[in-house]
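Okay, so here's the structure we're looking at.
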2 protein chains.
Amino acid sequence: MTAAKPRAVGRGRPSKAKGLDLKETILDAAEGLFARHGFHGVTTRQVAAEAGVDTALIHYYFGAKRELFDAVFVRRAEILNQAREASMNAYVAAHDAATMTVEGVIEAFIDPLLRISQDGGPGWKSYFALVAQVNNTPAWGGETMARFFDPVVHQLVETLKTVRPQAEYRDLYWCYQFLTGSMMLSLSETGRIDSLSEGECHSSDLEAVRQRLFAYCAAGFEAVIAKHAKA
Amino acid sequence: MTAAKPRAVGRGRPSKAKGLDLKETILDAAEGLFARHGFHGVTTRQVAAEAGVDTALIHYYFGAKRELFDAVFVRRAEILNQAREASMNAYVAAHDAATMTVEGVIEAFIDPLLRISQDGGPGWKSYFALVAQVNNTPAWGGETMARFFDPVVHQLVETLKTVRPQAEYRDLYWCYQFLTGSMMLSLSETGRIDSLSEGECHSSDLEAVRQRLFAYCAAGFEAVIAKHAKA
DNA sequence: GTCTATAGCTTGATAGAC
DNA sequence: GTCTATCAAGCTATAGAC
């Protein structure tokens, strides 16, 4: 079923491959499998088979299975954080208080992820599906997400606070939760909207997401802020 | 850690317990464990220990492990669907075309779930966490969600279409995806917003969700519909 | 219906040859 | 660095006593 053909690695014979390439190959294989089946749904043997290497090598490079998972999660997290931070800094630098909008800030926060998913190749698709799963994992998901992604979220909230100073932090945090739920489900491309809409929509169509999600979230934020302000 | 004390069942000695009670006890135990750790993260032995019954009984009542999981998933799905269908029918019956609003329809769709989660006890909390996980599972989540929850979603979309006839189905389906991402993440109460907001918000505070989510989603729908109408 | 006992695999991880 | 071989533990599932 998932018994894909073992992938050859590096140049020439496998035994000539460099350790560094092999590490990346193992991470790629683990990433795809963890994204589809979750941590417990994957065995180290499956990862080895998918990567075309021996089981023992996985433990040689990464140690225990959980450490392999963490290595997968860490690998792209920093890239993501830097892209988002740069995007939001650029937006703030390009605007003054008068021209900044809630939608603009939200777009600067979300768009890097959509763009990376569209242009980054299949590894990134798997990674987003993985993060979406972790995001909804009660046992250790909240803590893991916090460890890697809290700083950039605080940057978002603070920037929104400068755009709407009358907004309460409570409202901004709740709205962020709504936003991240929508964003992560869209990025994970589960295919549910395809069958639900009977072909009208495709979860792989991130351009359609881009055309709607920013406006949707921005209007949501504004409505919640306005509701609380008048109360 | 999760080695909770085996729960006694029924009246008097365990051996006197009725089979029906035992089945429910096993389902309760399985529900809580699957919700926290996912399908592959739970063993039938753990379920048996948590329920205070023997491993063999689980297979006697439910067959294979996957069938146990399906039984857990099915048990509350129908109750949920009936509550939501009734809520939406009641809303439509109580209003005419002039007084129906997008926010009213959305509230009729979401509020039953919030209410059940608030009043239904810990079993329902686990169930929502479970559904949230399935919702974000690429491998078989989309198909499973579709099998159990598509009809009531179509009812939502059709009702919204009567309230906003100029809206395109494409937009309604995409907005539904955004809505369900927010709703499911809120219902799963992962605790992330607690640490993120440094105590300002608590994921268990569904009253706070109620005060914001309906308005948030309704404004999002309206914004996307309006954007497309003028384009 | 419920328990004991166990069959038959698969798992994560390692020791040691090359 | 990479592979062969293997271990101890844990897994699902069942057969059969009561």
Side-chain angles (χ1 to χ4, degrees), chain A residues 1-3 5-31 33-34 36-73 140, chain B residues 1-3 6-31 33-34 36-72 140:
Chain A
M1 201 125 299
T2 54
K5 199 175 297 177
R7 209 179 330 169
V9 62
R11 48 181 181 269
R13 294 171 53 231
S15 58
K16 280 288 255 180
K18 300 252 190 63
L20 255 180
D21 293 342
L22 258 194
K23 260 181 110 157
E24 292 295 313
T25 306
I26 292 169
L27 285 174
D28 290 341
E31 185 173 62
L33 287 167
F34 284 141
R36 269 199 296 283
H37 305 108
F39 177 74
H40 297 289
V42 176
T43 68
T44 54
R45 292 173 133 85
Q46 287 176 285
V47 174
E50 178 78 17
V53 304
D54 194 274
T55 317
L57 268 195
I58 290 176
H59 294 95
Y60 174 77
Y61 280 120
F62 298 98
K65 180 186 171 186
R66 180 57 196 258
E67 295 175 80
L68 171 63
F69 183 89
D70 288 344
V72 168
F73 202 87
W140 43 276
Chain B
M1 202 123 298
T2 54
R7 207 179 332 169
V9 63
R11 47 180 182 270
R13 294 171 52 233
S15 57
K16 280 285 255 179
K18 302 253 188 62
L20 256 179
D21 294 342
L22 258 195
K23 260 181 110 156
E24 293 295 312
T25 305
I26 292 169
L27 285 174
D28 290 341
E31 185 173 63
L33 287 167
F34 283 141
R36 270 199 294 283
H37 305 107
F39 176 74
H40 297 288
V42 175
T43 69
T44 53
R45 290 171 131 85
Q46 288 176 284
V47 174
E50 177 79 16
V53 304
D54 193 276
T55 318
L57 269 195
I58 290 176
H59 294 96
Y60 174 76
Y61 280 120
F62 298 98
K65 181 185 171 187
R66 180 56 196 257
E67 295 175 79
L68 171 63
F69 183 89
D70 288 344
V72 168
W140 42 276

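Lettering of chains follows the sequences in order, A, B, ..., and the numbering in each one begins at 1.
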- How many angstroms lie between atom CD of A:E24 and atom CD of A:E31, to the nearest 0.5 angstrom? 9.5 Å
- Task: Flag the pair B:L27 / B:F62 as yes when at least one side-chain heavy-atom distance between them is below 4.5 Å, and no otherwise.
- Result: yes
- To the nearest Å, how far apart are A:I26 CD1 and D:dG1 P? 12 Å
- Message: As a test of reading the structure: which of C:dA13, D:dA13, C:dT14 is closest to the side chain of A:A56, going by heavy atoms?
- Response: C:dT14
- Task: Please tell me which of the listed nucleotides, C:dC3, D:dA13, D:dT2, lies nearest to the side chain of A:Y60?
- Result: D:dT2
- Here the distance between atom C1' of D:dA13 and atom NZ of B:K65, to the nearest Å, is 12 Å
- Message: From CZ of A:R66 over to C1' of C:dA13, roughly how many Å is that when rounded to an integer?
- Response: 18 Å
- Starting at atom CD of A:E67, determine the distance to atom C1' of C:dA13, rounded to an integer number of angstrom. 12 Å
- Task: On DNA chain C, check which nucleotide each of B:L57 and A:G63 is closest to and give me the residue with the more 5' one.
- Result: B:L57
- Message: Strictly below 4.0 Å: does A:H59 bring a side-chain N or O up to OP1 or OP2 of C:dA13?
- Response: yes
- Spacing of A:R45 atom CZ relative to C:dG12 atom C1', expressed in whole Å: 8 Å
- Note on the structure: Taken to the nearest whole Å, NZ/B:K23 to P/C:dT2 is 12 Å
- Could you check A:T43 against A:D54 and say which one's nearest nucleotide on DNA chain C is further toward the 5' end? A:T43
- Message: For a 4.5 angstrom cut-off between non-hydrogen side-chain atoms, does A:L68 reach A:I58?
- Response: yes
- Any side-chain N or O of A:Y61 under 4.0 Å from OP1/OP2 of D:dT2? yes
- Would you say the side chain of B:L33 lies within less than 4.5 Å of the side chain of B:T43, judging by non-hydrogen atoms? no
- Please state how far atom CG in B:D21 lies from atom P in C:dG1, giving the value in whole angstrom units. 12 Å
- Less than 4.5 Å apart, any side-chain heavy atom of A:K65 and any of A:F39? yes
- Note on the structure: Atom CD1 of A:I58 and atom C1' of D:dG1 are separated, to the nearest Å, by 15 Å
- Task: Give A:V42 one of three labels, base, sugar-phosphate or nothing, depending on what nucleic acid heavy atoms sit under 4.0 Å from its own.
- Result: sugar-phosphate
